[in-house]
Amino acid sequence: MIGTFFKQSLSVAMSFLLVVRAVPAEAQEPAPPGATGYSGQGVPLSAAELQQLAAPIALYPDALIAQIFGAATFPDQVTAASTWLAQNNSLTGTALTQAVDMQPWDPSVKALSQFPSVLGDLAKNLGWTSSLGEAYSTQAADLMSAVQTLRAQAKTAGNLKSGSQITVVQQSPQVIVIQPANPQVVYVPQYNPTIVYGTPYVTPGYSTAAVVATGLLAFGVGIAVGAAVSNSWGYSYWNCNWHGGAVVYGSSAYYGNSAWHGGVYGSSVTAVGPYGAARVGTAYNPSTGTYARGASVSNGYGTAKAGQAYNPSTGTYAQGGSVSNAYGTQKAGQAYNPNTGAYAATHQASNAYGSYGSSVASKNGNTAYTQHQTTAAGSVGTVQTSAGGKGAAATGVNGSAAAGQAANGDKYAAANGNVYKNSGSGWQQTQGQKPASHPSGATTSPESRGYGAQTRTSGSTAFSGGGGWQSRAESARGAASRGGGGGWRR
């Protein structure tokens, strides 16, 4: 029963992870520390570094830049939105905006749903996106100045001018404004940052499949933004206050994710009802690129928890869960790194009778399987490797014993301080007190003492714990060595 409850409870908790991705951040702080001074970690980015960071988007229309700066402070939502758009690519026009309006994303991320190519670039270049978001969160005014510097360079080089797609206006000596020529249709410029500015800019962590070879701006198909006018996050709600050094959303300054404190942020939500409580949360660290999310469910029958973590830079993925109720506690976890091929999984449990568990670890083609059990009678454990090594050990009221076989076939046995070895020519004692001579007909071989036996009886043995040990395949699946258990499966 506990195994069934374990799987069912974890399923509920994991369902919350899949359904609830993030918490909307409609309410923004008036002005975080980054609006008036650097509040990030380490040394702030220099003007040249900020220009490199902004080079891929500096020639976009003002409102689109405003949306990008805001969305970049929610890189987890950018990824979720890009995936959602790919899965719902049949939606267009009003149907798309209505569906997007129901999503739990920040308004800036919702606004970029009208520009799937831009949203896709942010999702594919997540390291750059995170850096851009952190720069806007901690150096907003400096980042806005960097955009103006880049525009001035492109204009001086003769590569930024008005046309049928965009209108370029020199609003003041320090400010160049870029707007759509037709307010209802927005064209996203395509250009090569290493050429268009007259000065080559190489942006760390950014690449795009379509890089224009010349220094001139190119444009794809225009995006009609009229369908989103009725929504509070539509294109017309966004702009840049170049003189104030911040994005404008509606009629107020907008500084993005107010939960981004010191480069790490997260969100959580809790639901409480007559039958129990459910909690779910997410976290993101742009410095390491690590995502994490977790959920828990509790009611009158017990508590279930589940969590996941992923680092796209290393490819490492991990997940785990636990269940506690009147019958005991079960925990399971697994981790995988595709770059190194390392994999590990474990399943541990405890109840009124004791504790037990099994684990598997694998790397470079070598795999090890372990099982253990502890009860009032004592403890027992086994290990087996894919190379051929295996062993078992036990402790109890009558002492301790161990037996094993190396990959080369050598066998070992030990009991109460005496050690024996068998390399194929019979058992030899290698350590401990030599046995005294016995009357004729008596035997003192290790086999007669129960060491190194090659067969197993159907009854309880020193290494069976009464319940028997499972096969290596069962151990690899994470099943418990006693009491059933639902185990995690690869």
Side-chain angles (χ1 to χ4, degrees), residues 53-89 91-93 96-97 99-100 103 105-133 135-136 143-144 146-147 150-151 154 160 165-166 178-193 196 201 203 205-212 217-228 231 233-240 247-249 254 256-257:
L53 199 58
I57 61 167
L59 304 186
Y60 285 9
D62 289 11
L64 187 54
I65 284 184
Q67 296 168 16
I68 291 173
F69 281 171
T73 65
F74 296 91
D76 54 339
Q77 294 187 26
V78 166
T79 303
S82 180
T83 302
W84 184 91
L85 280 180
Q87 295 172 344
N88 296 273
N89 56 10
L91 295 177
T92 58
L96 174 62
T97 58
V100 168
Q103 303 305 313
W105 306 328
D106 182 78
S108 60
V109 178
K110 291 182 178 181
L112 285 181
S113 67
Q114 303 295 303
F115 304 93
S117 64
V118 176
L119 189 61
D121 280 345
L122 266 65
K124 288 184 291 187
N125 299 282
L126 210 54
W128 167 75
T129 301
S130 299
S131 298
L132 188 69
Y136 181 67
L143 184 60
M144 302 284 279
V147 170
L150 292 166
R151 289 183 173 184
L160 179 62
Q165 294 88 9
I166 60 172
I178 301 177
Q179 301 286 0
N182 179 353
Q184 298 299 314
V185 181
V186 179
Y187 290 87
V188 180
Q190 298 173 359
Y191 57 89
N192 190 334
V196 71
Y201 285 98
T203 302
Y206 181 87
S207 64
T208 178
V211 177
V212 181
L217 297 184
F219 298 90
V221 178
I223 305 296
V225 294
N231 293 299
W233 44 264
Y235 185 84
S236 61
Y237 285 83
W238 299 89
N239 209 338
C240 289
V247 165
V248 175
Y249 171 51
Y254 181 88
N257 189 357

Partner set under side chain to side chain contact (heavy atoms under 4.5 Å, CB included) for [X], not counting sequence neighbours:
| X | value |
| --- | --- |
| A135 | L45, L50, L53, L143 |
| A55 | L150, P193, Y197, Y201, T203 |
| A99 | W84, L91 |

Is there a donor-acceptor pair closer than 3.5 Å between any side-chain N or O of [X] and the backbone N or O of [Y]?
| X | Y | value |
| --- | --- | --- |
| T73 | G70 | yes |
| Y235 | L112 | no |
| S82 | V78 | no |
| T129 | P75 | no |
| Y237 | V248 | no |

Specify the closest pair of heavy atoms between [X] and [Y], including all atoms of both residues, with the distance to one decimal.
| X | Y | answer |
| --- | --- | --- |
| Q77 | W105 | OE1-CA, 3.1 Å |
| L96 | Q114 | CD2-NE2, 4.5 Å |
| K110 | Q103 | CE-O, 3.1 Å |
| P61 | P180 | CB-CD, 4.4 Å |
| I178 | A58 | CD1-O, 4.4 Å |

- Query: Can W128 and D121 be said to form a side chain to side chain contact (heavy atoms under 4.5 Å, CB included), step by step?
  - Reply: CA-CA 10 Å; W128 167 75; D121 280 345; 5.6 Å; no
- Query: For D106 and Y249, does a side-chain donor sit closer than 3.5 Å to a side-chain acceptor?
  - Reply: no
If the condition is side chain to side chain donor-acceptor pair (under 3.5 Å), which residues does [X] pass it with, not counting sequence neighbours?
| X | value |
| --- | --- |
| Y187 | none |
| D62 | R151, W242 |
| S113 | none |

Answer yes or no: is there a side-chain heavy-atom contact under 4.5 Å between [X] and [Y]?
| X | Y | answer |
| --- | --- | --- |
| F219 | I166 | yes |
| W238 | Y254 | yes |
| L119 | F115 | no |

- side chain to side chain contact (heavy atoms under 4.5 Å, CB included) partner of I65, chosen from N239, V247, V147: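 Exactly one candidate clears the test, V147.
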- Message: For residues 181-193, which residue pairs pass the salt bridge (Lys or Arg N to Asp or Glu O under 4.0 Å) check, not counting sequence neighbours?
- Response: none
- Message: Under the salt bridge (Lys or Arg N to Asp or Glu O under 4.0 Å) definition, can you give me all pairs with a residue in residues 178-191, not counting sequence neighbours?
- Response: none
- Check ring pair (Phe, Tyr, Trp, His ring centres under 6.0 Å) between Y60 and all other residues, then give those that pass, not counting sequence neighbours. none
- How long is the gap from CG on L160 to OH on Y191, to the nearest 0.5 Å? 9.5 Å
